[in-house]
Each structure stands twice: as structure tokens, then as C-alpha cells.
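Remember, it's 1-based here, ligands and their atoms both numbered in the order they're listed. Everything quoted here is computed from the prediction, not taken from an experiment.
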Amino acid sequence: MANNEDKFKKVISHAKEYGYVFQSSEIYDGLSAVYDYAQNGAELKKNIRDYWWKAMVQMNDNIVGIDAAIFMHPTTWKASGHVDAFNDPLIDNKDSKKRYRADVLIEDYCAKIENKIEKEVKKAAKRFGDAFNKEEFLTTNGRVLDYQEKINSILSKMGKSLEVEDLEAVKALIEELGIVCPISGTKNWTDVKQFNLMFGTKLGASVDSAMDLYLRPETAQGIFVNFLNVQKTGRMKIPFGIAQTGKAFRNEIVARQFIFRMREFEQMEMQFFIKPGSQGEWFKHWKEARMKWHLSLGMGADNYRFHDHEKLAHYADAATDIEFRFPFGFKELEGIHSRTDFDLKQHEEHSGKKLQYFDHEENVNYTPYVLETSIGLDRMFLAVFSNALQEEVLENNTTRTVLKLPAVLAPTKAAILPLVRKDEALVKLSKDIIEDLKWEFNVAYDEKDAVGRRYRRQDANGTPFCITVDGESLDNNTVTIRHRDTMEQQRVKIEDLKTIIKKEVDVKEWLMKM
Ligand code: GAP
């Protein structure tokens, strides 16, 4: 596909055209950074959630799952630090009247330098052919090293300023780099100000007694406040984990890039409670385990990288992001954070309740440390969907649009197509096959248009298999099964369909690759 911007536009329009993602309240001209998942999108999202849940909860006998409420006692957010510190540094352009996150303006500036590095790599790869060694090139080429040093120095300067909340220095950096507003093209900036990202609401009917609440900005706190309840009722022994998936809300200012940054989104988080002092070992463990989970989906090792944080949040002693190559470049997909005992201690202090663990083997009480893995479900959806969308030039020089979703995640596993829709016997047999398969898989029936067009439609829809029922099927109980990615067709017995499909879509087959 053409350039990255075109590819991203195509991703957004394809998501709408094929019933994956719609703008929220579209008939009222939409609501910015809020999206609805349509008939196929809801299935894909559910399959991603299940894939995560199976890997994290079902496959680990020391991890359990919960489903905490979105509303929490307001003191939760005081204790967690969100009331005082969950802010974004904002800056306005006086000419366009547009508001930006100051750190994102600076990061976008760095991303442009990174693009220059990628261009140098491409040029060199072309020049040196098979002899090209990317690692060596990145660590020895003078121009690339200069670019990289520039990026490092800018990000470190920004990190230091943000850490000490020196907002004047952040503005000075934007001015020093000559960053212009993408709309007005001018450098006419206001000062940088902090803005809290939590949405407020009220609980209770009367104005006097109503209690100020927040919509949770992360699911993690629902786990921390339930730590002791789960540990006691589940008789959990450290190390153990509590996982959950659910909605979170943030009043994001830079709300663009489709479902990458939303105001209402879903997280899949796991807090792993460990003995203090073992966090280094568990940080390494979860870094590797989470990367393996991603790689099991076969979306290409080249599309992932770790980004270790230099600037750590006040509660963390180590943190890394798993970044994915989205159509707009490498960006955070998942965070892995070593959060120490910060959260539990804060909740102990604010609630006055002990949140400690009694270690029977060592006969000691302690506040556990926590290793967190946190991934945005919508962001994972975008990674899967954008990576899957491809345009292929075929041998006869026509192109086909194909959504090569990992089969385990595809919303519809197979489409059943009677070759001729007016042939009642073919239609009946097709529907009989559906009746049988639908107990195990999501399947669809498609009888409209020539079979070639139906194949294309299912390719674009991401359906891994098309099963065509023809005259021969009536004679010998066989059908053709066409594979989406290779377009290969095989004649198989109807009774074998379940086994053939299962082998390709079964969660076990995919997770075993971990
Ligand atoms: N409990 C830790 C936590 O919430 P975070 O880095 O703020 O950490 C974790 O968020 C993940 O949630 C991110 O890596 C991202 O995938 C997802 N996420 C965060 N903000 C988001 C947003 N506005 N829209 C979509 N996904 C978001």
C-alpha cells in the first residue's frame, strides 16, 4: 500500500465498511475519540480478550480473574495519586486555537528524526543488498548516530523537565526546536499548563448529598483494593496474580489516531504480587512472557520492540513498553511496570486498613511488591487489524484486499457458499453444514453474487475459510475448502470440516507457539 498515511486512512475506512468500528453517535456527527464496535468488531475484540484471558488466567494456576466496578470510592484516586498527578502538560497555539499535549509535540518531532533513520536504513539495505547488516549499520553509521543522539538528548531534556514539573523548560524546548502548529504553521504558543485527565461524575439524587466520583482512569486500582479479599478467599500464596479486563476513561486531549487514543477504552491488566526484593527477576519474567504472547499471533517479530523507560514514575523502580509498528510508526501497545509496594501502602494509609500478606513459610508479615502488565484492548485491536489489512497484486495483475487476521481471532471462521443459489438441494446442504458447524465456530452463509466475488468479500472480511457446496457435494459428500491467505482450494469430506477448521483456529494451537 502507498504511504503510511494512506494506509492508515484505508484501515479506518475498511473498519467502517466491513462492520468493525463505527464512530460513536455518528448520526449526530459523532463524538470525538469515542468509538463503537460493530458486528465484526465486537467479535474480534471478544476474541482478543479471550486470547489474553486464556493465556493469563486459565493457563496460570496462580493467577485469578476479577471484574471490579467502574465506580470506586473517591479516596481511591487520592491514594493512587491520580487526583494530584494524573495530568497532561498542555499548550495552545494562539493562531489556530488548537490545543496539544506538549510532550506529544516533542515526541512527534523526534518521530520525524526517527523516520530519517529508517530512510537511511532502507537506502543502505538497497545499496549493500544481501551483505547488509542492519545492527551494524545502526551502531556505526555516522549520520544515523547523530540522529539517534539528537533524539536521546531531546527526550532526556523533556523527561527531566517533566519530572520536576518545569513547564517553562518544556515550552522553551518546543521553541528551541522550532516546532510549529500543524494547523496554523506558526510558533505562536501559550505557556504550558497541567490538565487532569479524570472524568468526574456525581453519585446520589440530591445536590447537597451527592458525592463526587470519578470514572476510573485505569482498572488496576480495582485490583489493589481487592488484594486482601482475593488473597484470603482464594487462599492465594505469593507469588500470585489478579487479572481483569474492563473499561477505563480518560479525558485525552490529543484524541486522534482513531482507536489508538480514546476517551473511553478497555484495558486488560494483571497485577502480580511478589515478595519484596524479587521484582528484578519477575520483571524479566513478565517482559519475556508478554512478548511471547504477542509473537504467538504471528504478526512478525520485526513489528515489536521494547522501550525501557529512563524516566520512571514515582511509584516504579523499572518500566518498559512493548511498542508495535502501527501505520503511524512504533508506539506503545503494552506497559510492564515494577510498581514496588507503592499502591498497597498508599491504600493502607488512606483506608487505615492493613493490606499485608502473612508468609507462613517464613513466618513474617509484609506488604507485597507488584509487577503489572497492562495492555489496551482497543490498541491491540488496532495492531491486529492494521497489520492484517493488505492489498495483494495477483498473478493476473488484479489486486485483492485481504484482511489476514490471525485465524484464532477472526470474527467469522468460515463462510458457507452454495455454488448456485437457486439450487434448493445445494442451499439445503449448505444450511445443514452451518447447523453442524455453528456449535463450535462462528460461521456465515453467503449466496449472493458469483462465487469469485463472494471469495473477495470474505477475504476483505478476514474469514479464514470459504466452503463451497456444489453438484459434486450432493453426490459424494465433499466440498471445496478455500484458504484465505494462500487462496488454495482442496476437496475434502464434509465430515472432516470440523477437524480442518479447528486445527487452524483453536486457541490451544496458537498459544502452544508461546
Ligand atoms: N495501570 C497502568 C496503566 O494504566 P498506562 O500506560 O496508562 O498504564 C496501559 O495504560 C495501556 O492502556 C497502554 O499501554 C495502552 O495500551 C492503553 N491505553 C492507555 N490510554 C489509552 C487511551 N486513551 N486509549 C486507548 N488505549 C489506552
Side-chain angles (χ1 to χ4, degrees), residues 21 24 31-35 37 41 45 48-49 52 68 70 72 76-77 79-82 85-88 101 103-104 107 195-199 214-225 227 241-272 286-287 290-291 293-294 304-309 311-316 318-324 326 328 330-340 342-344 346-347 370-386:
V21 183
S24 157
L31 191 61
S32 154
V34 187
Y35 291 90
Y37 287 88
K45 199 174 165 198
I48 297 174
R49 194 191 292 111
W52 181 88
I70 287 172
M72 297 184 72
T76 310
W77 306 111
S80 67
H82 285 82
F86 194 50
N87 300 320
D88 272 350
R101 256 174 66 178
D103 56 331
V104 171
E107 276 168 11
F195 174 85
N196 193 287
L197 296 184
M198 282 196 294
F199 282 105
Y214 295 106
L215 298 187
R216 68 179 177 197
E218 61 170 12
T219 59
Q221 298 304 324
I223 292 180
F224 288 122
V225 300
F227 155 73
I242 306 179
Q244 80 166 324
T245 69
K247 289 271 175 132
F249 304 82
R250 297 182 188 178
N251 198 357
E252 298 283 3
I253 298 309
V254 185
R256 50 190 161 91
Q257 296 173 317
F258 192 40
I259 54 172
F260 181 80
R261 198 179 303 284
M262 302 156 89
R263 297 203 164 106
E264 174 181 340
F265 58 101
E266 196 166 333
Q267 289 186 314
M268 306 190 287
E269 298 201 295
M270 193 276 298
Q271 320 297 134
F272 201 67
W286 282 110
K287 243 178 112 166
R290 292 304 303 145
M291 185 56 102
W293 180 84
H294 284 285
Y304 298 88
R305 68 182 188 197
F306 285 113
H307 170 236
D308 293 331
H309 290 202
K311 175 193 164 236
L312 291 170
H314 56 287
Y315 53 76
T320 195
D321 294 335
I322 294 179
E323 293 187 338
F324 184 77
F326 288 97
F328 36 83
F330 270 103
K331 294 271 175 205
E332 174 186 342
L333 171 59
E334 169 158 8
I336 298 158
H337 313 121
S338 172
R339 292 181 76 124
T340 67
F342 174 81
D343 303 85
L344 290 180
Q346 283 292 105
H347 287 303
V370 172
L371 227 291
E372 165 182 79
T373 72
S374 175
I375 175 169
L377 175 49
D378 313 83
R379 234 173 241 193
M380 185 63 194
F381 185 112
L382 182 59
V384 169
F385 192 87
S386 59

Can an N or O of Glu218 be found at a distance shorter than 3.5 Å from an N or O of ligand 1? yes
Report, in ascending order of atom number, the atoms of ligand 1 lying under 4.0 Å from any heavy atom of Glu332. 6 (O), 13 (C), 14 (O)
Heavy-atom donor-acceptor pair, Thr320 side chain to His307 backbone, under 3.5 Å: yes
What residue and heavy atom of the protein are closest to atom 24 (N) of ligand 1, and at what distance? Met262 N, 2.8 Å
What part of Glu372 sits under 4.0 Å from ligand 1 if we count only heavy atoms: the side chain, the backbone, both or neither? side chain
May I ask you to check whether Gln221 and Thr76 show a side-chain donor-acceptor distance below 3.5 Å? no
Those atoms of ligand 1 less than 4.0 Å from some heavy atom in Leu333: 14 (O), 16 (O)
Quick check on Asp378 - does any of its heavy atoms sit under 4.0 Å from an atom of ligand 1? no
Counting only heavy atoms, which portion of Arg261 has something under 4.0 Å from ligand 1: side chain, backbone, both, or neither? both
Has Arg250 got its NZ or CZ under 6.0 Å from the middle of the six-membered ring of Phe199, at an angle within 45 degrees of the ring axis? no
Looking only at heavy atoms of Arg339, does any of them come nearer than 4.0 Å to an atom of ligand 1? yes
Can you list the atoms of ligand 1 that are under 4.0 Å from a heavy atom of Gly376? 11 (C), 12 (O), 15 (C), 16 (O), 17 (C)
Less than 4.5 Å apart, any side-chain heavy atom of Phe381 and any of Tyr37? yes
Checking ring-ring contact (aromatic ring centres under 6.0 Å, His included) between Tyr304 and each of Phe330, Phe324, Phe326, which is the one that passes? Phe324
Heavy atoms only: which of Gly335, Ser80, Pro217, Ser374 is nearest to atom 11 (C) of ligand 1? Ser374
Among all the protein's non-hydrogen atoms, which is closest to atom 15 (C) of ligand 1, and how far away is it? Arg379 NH1, 3.5 Å
Starting from atom 18 (N) of ligand 1, which protein heavy atom do you reach first, and at what distance in Å? Phe265 CE1, 3.6 Å
Pick one: which of Arg49, Arg216, Lys247, Arg379 meets salt bridge (Lys or Arg N to Asp or Glu O under 4.0 Å) with Glu266? Arg49
Could you tell me whether the side chains of Glu334 and His294 share a donor-acceptor contact shorter than 3.5 Å? yes
Counting from 1, what ligand 1 atoms have a heavy atom of Ala220 closer than 4.0 Å? 1 (N)
Counting heavy atoms only, which of Glu269, Gln267, Gln221, Arg250 comes nearest to atom 7 (O) of ligand 1? Arg250
Does the cation-pi check pass for Arg290 over Trp293, that is, NZ or CZ under 6.0 Å from the six-membered ring centre and within 45° of its axis? yes
Phe260 neighbourhood, listing ligand 1 atoms whose heavy-atom distance to it stays under 4.0 Å: 24 (N), 25 (C), 26 (N)
Within the supplied structure, the quantity of interest is the number of heavy atoms (other residues, nucleotides, ligands) at a distance under 6.0 Å from Tyr214 OH; does it exceed 12? no
